[in-house]
Amino acid sequence: MFSTRSVLSLPGRGARLAAATLVSALAAAGVAAGAGTATAQDTAGRHAERGDGGATATIGGLKTYGTAVIHGPEGDQEVAAGLFEMSVEGGGTLHTYCVDIETPTQKDAKYAETPWSGTSLHVNKDAGRIRWILQNSYPQVNDLAALAKKAGIKGGLTEQDAAAGTQVAIWRYSDHADVEAVEPRAERLADYLEKNARDLDEPAASLTLDPPAVSGHPGERIGPVTVHTNAAGATVIPPADAVASEVRVVDKDGKPVTSVRDGAQLYFEVPEDAADGTAGLTVQASTSVPVGRAFASESRSQTQILAGSSESTVSAAATALWAGTGPIPALSGTKNCTDGGLDITTDNKGDEPFTFEALGTEYVVPAGGSNTVTVPLPEDRAYDLTVRGPAGLEQRFNGVLDCETRTATAVTGPQTLSGPAPAVPVADTTPDPNLAATGSSDATPLIGGTAIGLVVIGGAVLIAARRREERDQS
């Protein structure tokens, strides 16, 4: 188990504000550091944080859409509503709808397949109903005549009607928004989907390695790392760097492994005379990503949920650390929206305690112990944490905690499709009707990160605290 020694002795609210200040400072430093070339340890850290693995993709904008109206307390906002298209790294295409209706979508934002627990769906009791809508509407149901008949819609449905109606129904559950489709047939489809939706379980990841980090001693088979995938088979890419050139990826019997199926267990076989070090492997496959998987960005672009997938490239990574004596920690991280932070899991296979510091708090994992600690992080604030340890360990965790849906944007009158009102300030306010249904931005993640670096830290903390108080009061 963990023992902790708090460097910050501020109780309650003071401690939370101090933690937020430190995260802001780290985020500002991370912008400057991020301009350099990523190291092998950086890559391992990012994979370990993503945890579940799967597909990564770049959003290309709205593909098929109609128009909807969001009814707010101070007026109506007219927005595009429909199906987005994403290009998968390594090959493949995804079609998605968005959740978090008031958040803008950034052009060319990078997304990663993410469990619901790492998104605004984490506490949404209706998340399973969204999956039902996705499975029972366009584009999963591409016979629009049959869909129209089932929904009792005379005159049929166009693809634009079907996409708009499906998106509106999703928003009613993802954001519990007062929203309706402008086209009557799309609105009738939205009503049908909302009324008939049933609760379904979250789909499994397309590919994941469990755990994403292991540790042990030279001369041992370090592991196991279990493969979970819906693919028929996957390829194992072994360690490639010179330090780990003699490390082999094997099964439990010590036989080299180059391909695997669901449920396979992998081990790192480290020579007995190997110097203390680290190594990583990657498992890659081609498969259809399950409908209902969430996709989140590292740049606070609007969260997406999968409506359809071509055969696409998916991957997951695992790392190993070994040492002869002393602490031998395996580190991995997962966003925890329920508790508002980053879960850092440590498994110490060594004969001495492992000590690390995060946001002013020192954590100690005893020899032979393992546990998970949640490092508190503020909403919508970039973070960049690095944990260093023995054998060259340098595990980096960076991203943005995006766990809450935004509140409705106040408007003074109807907004036109050609000029969606951004939910947050952006560098380029030129409207682009082919982008986000609820506001769009050409600002890149770098612009967003630089803005954080320029904010006076104390002011940023006060703003974050004020927003939290407003949400609590509401």
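Just so it is clear, the values below take in all heavy atoms, side chains as well, and ignore hydrogens, waters and symmetry mates.
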- prompt: Is there side-chain contact between Asn371 and Tyr363, with at least one heavy-atom pair below 4.5 Å?
  reply: no
- prompt: Would you say the side-chain atoms of Thr229 pair up with the backbone N or O of Ser206, donor to acceptor, closer than 3.5 Å?
  reply: yes
query: Under a 4.5 Å cut-off applied to non-hydrogen side-chain atoms, are Lys110 and Ser299 in contact?
result: no
- request: Give a yes-or-no answer on whether the side chains of Thr103 and Gln302 include a donor-acceptor pair shorter than 3.5 Å.
  value: no
- prompt: After noting the C-alpha distance and the side-chain angles of Thr96 and Ile305, does the key distance pass the side-chain contact (heavy atoms from CB on, under 4.5 Å) rule?
  reply: CA-CA 5 Å; Thr96 62; Ile305 192 163; over 6 Å; no
- prompt: Taking atom CG of Asp201 as the centre, does the number of heavy atoms from other residues, nucleotides or ligands within less than 6.0 Å exceed 12?
  reply: no
- request: Answer yes or no: is there a side-chain heavy-atom contact under 4.5 Å between Glu379 and Cys403?
  value: yes
query: If you round to the nearest 0.5 Å, how far is CG of Leu134 from CZ of Arg293?
result: 13.0 Å
message: To check you understand the geometry: which heavy-atom pair defines the closest contact between Ala55 and Val289, and what is its length?
response: CB-CG2, 4.0 Å
message: Measuring only between side-chain heavy atoms, which start at C-beta, is Asp276 closer than 4.5 Å to Leu321?
response: no
Test item: Asp251 side-chain N/O and Asp253 main-chain N/O as donor-acceptor pair under 3.5 Å: yes
Sidechain-backbone polar pair: Asp175 side chain, Asp100 backbone, donor-acceptor under 3.5 Å: yes
message: With heavy-atom distances below 4.5 Å as the criterion, would you say the side chains of Leu94 and Val88 are in contact?
response: yes
query: For the side chain of Asn398 and the backbone of Tyr383, is there at least one donor-acceptor N/O pair under 3.5 Å apart?
result: no
query: Is there a side-chain contact between Leu385 and Leu359 (heavy atoms, below 4.5 Å)?
result: yes
- prompt: Between Thr105 and Gln304, is a side-chain contact (heavy atoms from CB on, under 4.5 Å) present by the stated rule, with each step listed?
  reply: CA-CA 10 Å; Thr105 301; Gln304 305 285 311; 4.1 Å; yes
task: Examine distances only and state if a side-chain atom of Ser215 and a backbone atom of Ile328 form a donor-acceptor pair shorter than 3.5 Å.
output: yes
- prompt: Are any of the side-chain heavy atoms of Cys337 and Leu121 separated by less than 4.5 Å?
  reply: no
- request: Mind running side-chain contact (heavy atoms from CB on, under 4.5 Å) on His228 and Asp262 for me, showing each step along the way?
  value: CA-CA 5 Å; His228 300 288; Asp262 179 53; 4.1 Å; yes
- prompt: Any side-chain heavy atom of Asp380 within less than 4.5 Å of one from Leu401?
  reply: no
query: Hey, does the side chain of Asn124 reach the backbone of Tyr173 with a donor-acceptor pair shorter than 3.5 angstrom?
result: yes
- prompt: Quick check: does any side chain N or O of Ser174 sit under 3.5 Å from a backbone N or O of Val99, one acting as donor and the other as acceptor?
  reply: no
- request: Assess the side chains of Ser297 and Gln106: does a donor N or O sit below 3.5 Å from an acceptor N or O?
  value: no
statement: Here the gap from Ile170 atom CD1 to Asp126 atom CG, rounded to the nearest 0.5 Å, amounts to 12.5 Å
statement: Closest heavy-atom pair, His217 versus Trp322, reported as atoms and distance to 0.1 Å, is C-CB, 4.3 Å
Between Asn230 and Thr287: side-chain donor-acceptor atoms closer than 3.5 Å: yes
- request: Please report the shortest heavy-atom distance between Ala294 and Trp116, naming the atom on each side.
  value: CB-CD1, 3.9 Å
message: For Lys252 versus Arg221, what's the shortest heavy-atom pair and its separation?
response: O-NH1, 3.1 Å
statement: Interatomic distance, CZ@Phe354 vs CG@Asn348, rounded to 0.5 Å, equals 8.0 Å
query: Between Gln395 and Leu331, is there a donor-acceptor pair closer than 3.5 Å when you use the side chain of the first and the backbone of the second?
result: yes
- prompt: Rounded to the nearest 0.5 Å, how far does CD of Glu89 lie from OG1 of Thr58?
  reply: 5.5 Å
- prompt: Is the backbone N or O of Val400 less than 3.5 Å from a side-chain atom of Arg381, with the two atoms forming a donor-acceptor pair by type?
  reply: no
message: Measuring from atom CD of Glu85 to atom OG1 of Thr93, what distance do you get when rounded to the nearest 0.5 angstrom?
response: 5.5 Å
- prompt: Between atom OH of Tyr97 and atom CD1 of Ile133, what is the distance when rounded to the nearest 0.5 Å?
  reply: 10.5 Å
- request: Would you confirm whether Thr114, through its side chain, and Ala112, through its main-chain N or O, come within 3.5 Å as a donor-acceptor pair?
  value: yes
statement: Here the pair of heavy atoms bringing Arg198 nearest to Trp132 is O-CB, 3.2 Å
- request: Determine the minimum heavy-atom distance between Ala391 and Thr278, stating which atoms define it.
  value: O-CG2, 3.8 Å
- request: Under the side-chain contact (heavy atoms from CB on, under 4.5 Å) rule, what do Glu352 and Thr325 come out as? Steps first, then yes or no, please.
  value: CA-CA 8 Å; Glu352 294 180 10; Thr325 60; 5.7 Å; no
